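Inspection log for the structure reproduced underneath, given as structure tokens.
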Protein chains: 2
Amino acid sequence: MLKLSKKVEYGLIAIRHIASVNNQISTVKEISEKYSIPSDVLAKVMQKLTKGKLITSHQGAMGGYTLARGADQISVMNVISVIEGSQMGIAQCFSEEPENCSIYLNCTIKNPLGKIQHNLELVFNSMKVSEIV
Amino acid sequence: MLKLSKKVEYGLIAIRHIASVNNQISTVKEISEKYSIPSDVLAKVMQKLTKGKLITSHQGAMGGYTLARGADQISVMNVISVIEGSQMGIAQCFSEEPENCSIYLNCTIKNPLGKIQHNLELVFNSMKVSEIV
DNA sequence: TTAAATACGACTTGTGTAGTCCTATTTCAT
DNA sequence: ATGAAATAGGACTACACAAGTCGTATTTAA
């Protein structure tokens with residue numbers, strides 16, 4: 001409950017790692033070994049980060065990944081959105097189909113949860129990966 | 001990912017409801033019908049809120065629940081902690097056994113996630129159920 | 001041509017959430 | 001006393017999602 005997924009953690013670690021080596025090209029093998037992350041899982045994460053244009057992939061031998069922009073331009077929220085594939089929402093109201101929520105009509109906590117949601121977005125948006133030192 | 005559980009939502013709705021009827025005794029049946037919440041599930045939630053001393057139970061016929069303190073004295077964080085039975089943590093580091101985390105030793109994001117954790121706690125602590133109107 | 005790397009889909013397993021069912025206990029009202 | 005209305009609480013099922021594994025294709029430098 002209210003936990004970040006391992007994928008998001010791995011993504012943050014990977015981006016932070018690339019930034020820490022001055023954006024030199026880094027491979028899945030290298031990162032997964034250094035931080036004890038299952039390489040297949042990390043590979044998928046990197047592919048999502050690539051599709052989300054947070055990092056750039058370099059295929060083929062001697063390939064790997066570099067950042068697509070400065071680490072100070074990548075927020076934790078960016079990483080969450082790209083990896084999860086949807087907007088973060090603390091309740092159904094704020095993500096997928098709100099109407100499908102079983103208590104939608106009689107729900108009395110939509111508004112206050114909306115305030116919380118807003119505050120959480122502030123927190124995740126303001127935290128940049130560059131602060132992850 | 002990063003969602004509140006239905007149990008927590010139900011708990012917030014229930015507490016808010018009791019407050020809205022001026023702390024008159026309210027039953028599971030009444031609340032579950034009004035807000036279309038499965039009554040068995042709500043019953044368990046109410047029992048946890050009782051054990052957590054956020055509400056007071058009145059057993060037997062004509063029984064039900066009242067608030068144990070003012071709605072302005074009950075934070076969303078109180079409800080989360082009591083219902084989930086453990087401290088909210090956005091990563092393993094901040095809840096159960098941190099050492100069991102597969103990447104604990106090499107984890108480079110413990111500190112920054114700690115900052116996020118702290119900010120989230122501020123948000124959830126400062127939001128009281130009385131604001132849920 | 002080969003080796004090292006990313007790309008990507010299919011599958012398995014594990015965990016946790018949500019919900020159901022059943023029974024026991026308490027207490028009010030008749 | 002008895003029955004009805006309420007809370008208390010354990011056991012179980014179903015399902016969704018997270019995490020991880022496996023296999024194969026594609027790209028590219030040497």
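As the structure is a prediction and not an experimental result, all values here were calculated from the model. Just so it is clear: chains get the letters A, B, ... in the order the sequence lines come, proteins before strands, and each one is counted from 1.
Residue contacts for B:Lys51: at a heavy-atom cut-off of 4.0 Å it reaches the sugar-phosphate backbone alone, with no base atom in range. Heavy atoms of A:Lys48 sit nowhere under 4.0 angstrom from any nucleic acid atom.
Here D:dA18 presents its P atom at 14 Å from NZ of A:Lys6, a figure rounded to the nearest Å. Rounded to a whole Å, the CG atom of A:Leu49 is 14 Å from the C1' atom of C:dA7. For the pair B:Lys3 NZ and D:dA16 P, the computed distance is 14 Å after rounding to whole Å. Atom C1' of nucleotide C:dA5 and atom CG of A:Leu42 are separated by 13 Å, given to the nearest angstrom. Atom pair A:Leu2:CG and D:dC17:C1' shows a separation of 16 Å (rounding to whole Å applied). As a whole-Å value, the separation of A:Lys7 NZ from C:dC8 C1' is 13 Å.
Between A:Gly60 and A:Tyr10, it is A:Tyr10 whose nearest contact on DNA chain D lies nearer the 5' terminus. Map B:Leu4 and A:Gln59 each onto its nearest nucleotide of DNA chain C; the residue landing nearer the 5' end is A:Gln59. DNA chain D is contacted by both B:Met62 and A:His58; B:Met62 maps to the nucleotide lying nearer its 5′ end (nearest heavy atom per residue). Residue-to-nucleotide proximity on DNA chain C shows that, of A:Val28 and A:Met1, the 5′-proximal contact is made by A:Val28.
Comparing C:dA5, C:dT20, D:dT21 by their nearest atom to the side chain of B:Asp40 picks out C:dT20. For B:Thr50, taking side-chain heavy atoms from C-beta onward, the closest of the listed nucleotides D:dG20, D:dA6, D:dA8 is D:dA8. Comparing D:dT28, C:dG19, D:dA4 by their nearest atom to the side chain of B:Ala61 picks out D:dA4. In the set C:dC8, C:dT20, D:dG9, the nucleotide with an atom closest to the side chain of A:Gln47 is C:dC8.
One finds a side-chain N or O of A:Ser57 lying less than 4.0 angstrom from the OP1 or OP2 phosphate oxygen of C:dA7. Between A:Tyr65 and C:dA7 there is a side-chain polar atom (N or O) within less than 4.0 angstrom of OP1 or OP2.
By the 6.0 Å contact criterion, NE2 on B:His118 is open, its count of non-hydrogen atoms from other residues, nucleotides or ligands being 12 or less.
Between B:Glu30 and B:Lys34 there is no salt bridge, since no side-chain nitrogen of the basic residue lies less than 4.0 Å from a carboxylate oxygen of the acidic one.
Between B:Ser81 and B:Met88 the shortest side-chain heavy-atom distance does not fall below 4.5 Å. Using a 4.5 Å cut-off on side-chain heavy atoms (C-beta onward), B:Asn119 and A:Met127 make no contact. By the 4.5 Å heavy-atom criterion applied to side chains, A:Ile83 and B:Met1 are not counted as neighbours.
With hydrogens and angles left out, the side chain of A:Lys44 and the base of D:dT21 share a donor-acceptor pair within 3.5 Å.
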